[in-house]
Amino acid sequence: MPAETTTPPPVPEAAVPAEAVAPLIRGVRVLRELTEAGGTLSLSGLERATGLARSTVDRITSTLARMGYVRLDGRDAVTTPRLMELGNAYLAALRLPALLSPRADALADELDESVSLAVADRDGIRFIHQATRRRAMSLSFRIGDLLPAERTAPGPLFASEWTDENWRAWRERRAADPVNRGFSAVPPRELPFPDGGFEARAAQAGRDGWALDDQLIEPGLVAVSVPVRDPRTGRIACVANVVSHTSRHTAADLRDTLLPRLRATVAEMERELAAAPDPDPGPPPSGSAAWIGASKHELGREFIESLARGLTVLTAFGEGRAALTLTDVARATGLARATARRALITYEHLGLVRGHPESRTFGLTPRVLSLGFPPLSRTSLPRIAAPHLADLSARVGESTALAVLVSSGPTAEIQYTARAVSPRIMGVDIRVGTRLPAAATSLGRVLLSDPEDSAASADFAHVRTQGYALLDEAWEDGLRTLAVPLRDRTSRAVAAVNVALHAAGRTAEECVAEILPELRLTASRIEQELHAAGHFTRVPLL
């Protein structure tokens with residue numbers, strides 16, 4: 001018989017601890033609903049999805065907007081790449097993406113197949129890295145997506161190490177949701193699994209040291225997985241997974257042809273883990289407590305101080321800061337110990353933090369990635385820049401644009417990738433996709449002045465020195481443009497932003513005095529989001 005189509009009853013949650021921070025619980029609920037909606041949801045939609053009062057939703061989104069985690073666009077709340085700071089804290093503390101992703105990327109190039117890394121998240125698996133092949137029929141999973149263990153290749157491997165308590169929790173979830181409607185990253189199953197099927201797969205995976213997914217997620221998708229073991233404990237740290245389509249490989253083909261190469265890569269990954277030195281703790285966030293206090297003073301009741309403080313606690317973790325004591329968290333955030341303690345109690349209840357009583361430390365769990373990371377993990381630079389260009393255009397009353405260098409040498413060109421048009425009757429209108437000679441534009445001269453291109457940068461050394469390019473009626477009469485670079489996490493200029501206007505509107509001196517500070521402020525805001533988005537993902541420039 002076909003599976004029931006009614007919504008399953010929710011799995012009962014543990015009682016809320018008396019010391020939990022209610023506004024923090026509500027704020028996390030809003031972020032999760034935004035994530036499930038793909039990163040954008042109307043305020044009235046958030047009200048319906050969360051069951052919160054509209055006034056509460058307004059205050060939460062106002063606070064998140066102040067923190068730079070959402071953008072209020074008319075009646076919609078939109079997550080921004082700054083929200084990825086929370087997931088980045090978990091991934092940095094985990095260290096596995098930084099250590100193992102180059103091996104996964106190289107294997108994907110060698111096999112011409114998608115390769116992912118996954119970790120266990122209770123009775124599911126969550127992706128921490130994706131090296132995806134771009135095809136018409138390609139993998140659509142994202143970093144942070146959660147899948148039910150029983151419908152994946154990594155799942156049986158993790159389940160081979162489950163305790164009786166883990167199995168009991170899995171059975172409770174399966175009974176409440178037999179077709180996986182609680183996992184938005186996969187389509188619901190038409191038929192539930194037969195009794196004992198997954199238990200047998202887990203036992204077999206434990207004996208074999210590898211596992212297959214033969215179209216368990218959806219027809220046509222096949223995968224093979226091998227565990228990467230922690231050299232200190234011998235337990236599974238993560239699972240490396242090769243995914244293909246039946247038009248290229250059957251599950252048996254994956255086992256016979258690709259499994260040996262996957263095993264060889266996993267052996268290299270395990271040697272990488274064994275040789276990795278202990279990380280030096282990176283700098284924790286600074287001045288957050290003072291900033292939160294100032295925001296509360298400025299915005300009044302529209303800013304929920306306890307929510308902002310709670311979210312700051314997550315960013316206390318990071319590389320070299322995977323396990324922190326209560327004192328460590330309080331010191332890193334500048335919060336009182338009692339405030340930090342209540343936030344940690346709340347996160348333990350929500351499954352975002354795990355306590356280790358024997359060492360009196362706390363660590364982030366993979367569930368932190370559920371706070372906005374999946375829909376944001378595939379953002380592009382034009383999408384990041386677009387709202388900032390529109391804001392800049394509104395502030396200065398002129399057209400703005402983003403461009404990247406698409407060729408090098410004497411005939412180097414730039415390509416316009418995003419823009420915001422001035423409402424003026426006579427404005428600059430250069431369409432997205434337009435290519436122009438780089439040396440003839442302020443955008444191009446900023447990019448050519450970057451030390452990456454030593455030959456061209458010598459010609460525009462003055463641009464690099466002053467940090468901007470001003471071009472006055474160079475390739476069209478009456479057109480004056482001013483541009484500054486956008487730099488990635490390595491300080492390389494990967495794009496440029498400009499303001500273009502009619503020369504009669506402002507003198508060159510007025511452009512430098514009035515527009516340049518606004519242009520640099522916009523570039524800084526775009527860079528902050530680019531750096532957050534590009535920490536553990538590749539941000540397309542086009």
Side-chain angles (χ1 to χ4, degrees), residues 10 13 16 20-73 75-91 121 124 126-127 142-146 182-185 285 288 292 295 302-317 342-344 346-353 364-379 529 532-533 535-537:
E13 293 186 359
V16 178
V21 183
L24 183 54
I25 294 175
R26 298 184 191 111
V28 168
R29 189 185 311 168
V30 165
L31 288 175
R32 284 182 172 158
E33 292 297 340
L34 278 169
T35 303
E36 290 295 306
T40 302
L41 195 59
S42 68
L43 298 178
S44 58
L46 277 172
E47 180 184 0
R48 290 190 297 270
T50 61
L52 299 173
R54 177 57 185 269
S55 60
T56 301
V57 169
D58 289 345
R59 294 181 64 213
I60 289 172
T61 53
S62 174
T63 302
L64 295 174
R66 178 70 170 193
M67 299 184 77
Y69 290 163
V70 305
R71 173 171 49 86
L72 298 177
D73 185 5
R75 298 179 179 179
D76 293 337
V78 183
T79 57
T80 75
R82 281 286 299 275
L83 182 58
M84 296 175 75
E85 292 175 348
L86 307 182
N88 286 342
Y90 163 73
L91 294 173
D121 188 351
R126 203 178 287 272
F127 292 111
R142 307 158 300 183
I143 296 175
D145 273 336
L146 178 69
F183 294 84
S184 59
S288 55
I292 291 170
S295 297
E302 293 306 306
F303 185 82
I304 305 176
E305 197 169 7
S306 56
L307 171 58
R309 286 172 173 171
L311 292 174
T312 299
V313 165
L314 294 179
T315 64
F317 297 84
R342 291 190 65 200
L344 291 168
T346 305
Y347 285 136
E348 279 195 281
H349 167 70
L350 296 174
L352 299 168
V353 163
L364 301 182
T365 74
R367 206 173 187 189
V368 174
L369 294 174
S370 69
L371 305 181
F373 212 93
L376 291 167
S377 66
R378 289 191 175 172
T379 193
E529 296 194 357
H535 198 159
F536 291 103
T537 65

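Source: prediction; values computed, not measured. Hydrogens, waters and symmetry mates play no part in the numbers below; they use all other heavy atoms, side chains included.
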ask   = Is it true that R309 and E305 have a side-chain N and a carboxylate O under 4.0 angstrom from each other?
value =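 Looking at E305 together with R309, the answer is yes, because their closest N to O distance falls below 4.0 Å.
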Would you mind reporting whether [Y] and [X] have side-chain heavy atoms less than 4.5 Å apart?
X    : Y    : answer
L86  : Y69  : yes
M84  : T79  : no
V353 : T365 : no
D145 : F373 : no
L52  : R29  : yes
F303 : S62  : no

How far apart are the closest heavy atoms of [X] and [Y], and which atoms are they?
X    : Y    : value
L369 : G87  : CD2-CA, 3.8 Å
A89  : T315 : CB-CA, 4.3 Å
P374 : R142 : O-CD, 3.3 Å

query = Picking from D58, T56, T63, what satisfies side chain to side chain contact (heavy atoms under 4.5 Å, CB included) with I60?
reply =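 The passing option is T56.
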message = Between T40 and L34, does the side-chain contact (heavy atoms from CB on, under 4.5 Å) criterion hold? Intermediate values first, please.
response = CA-CA 6 Å; T40 302; L34 278 169; 5.9 Å; no
[Y] backbone acceptor or donor facing [X] side chain under 3.5 Å:
X    : Y    : answer
T35  : L371 : no
R126 : G144 : yes
R367 : L352 : no
T346 : A20  : no
T61  : V57  : yes
S184 : E36  : no

request  = Starting at CG of L311, measure out to OH of Y347 and round the result to the nearest 0.5 Å.
outcome  =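 Spacing of CG (L311) from OH (Y347) equals 4.5 Å.
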key: By salt bridge (Lys or Arg N to Asp or Glu O under 4.0 Å) - contacts of E85 (at least two apart)   =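 Per chain and number, E85 pairs via salt bridge (Lys or Arg N to Asp or Glu O under 4.0 Å) with R82.
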F127: ring-ring contact (aromatic ring centres under 6.0 Å, His included) partners, not counting sequence neighbours =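 Expected list: F141.
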query = Residues in side chain to side chain donor-acceptor pair (under 3.5 Å) with S42, at least two apart?
reply =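 So S42 forms a side chain to side chain donor-acceptor pair (under 3.5 Å) with S44.
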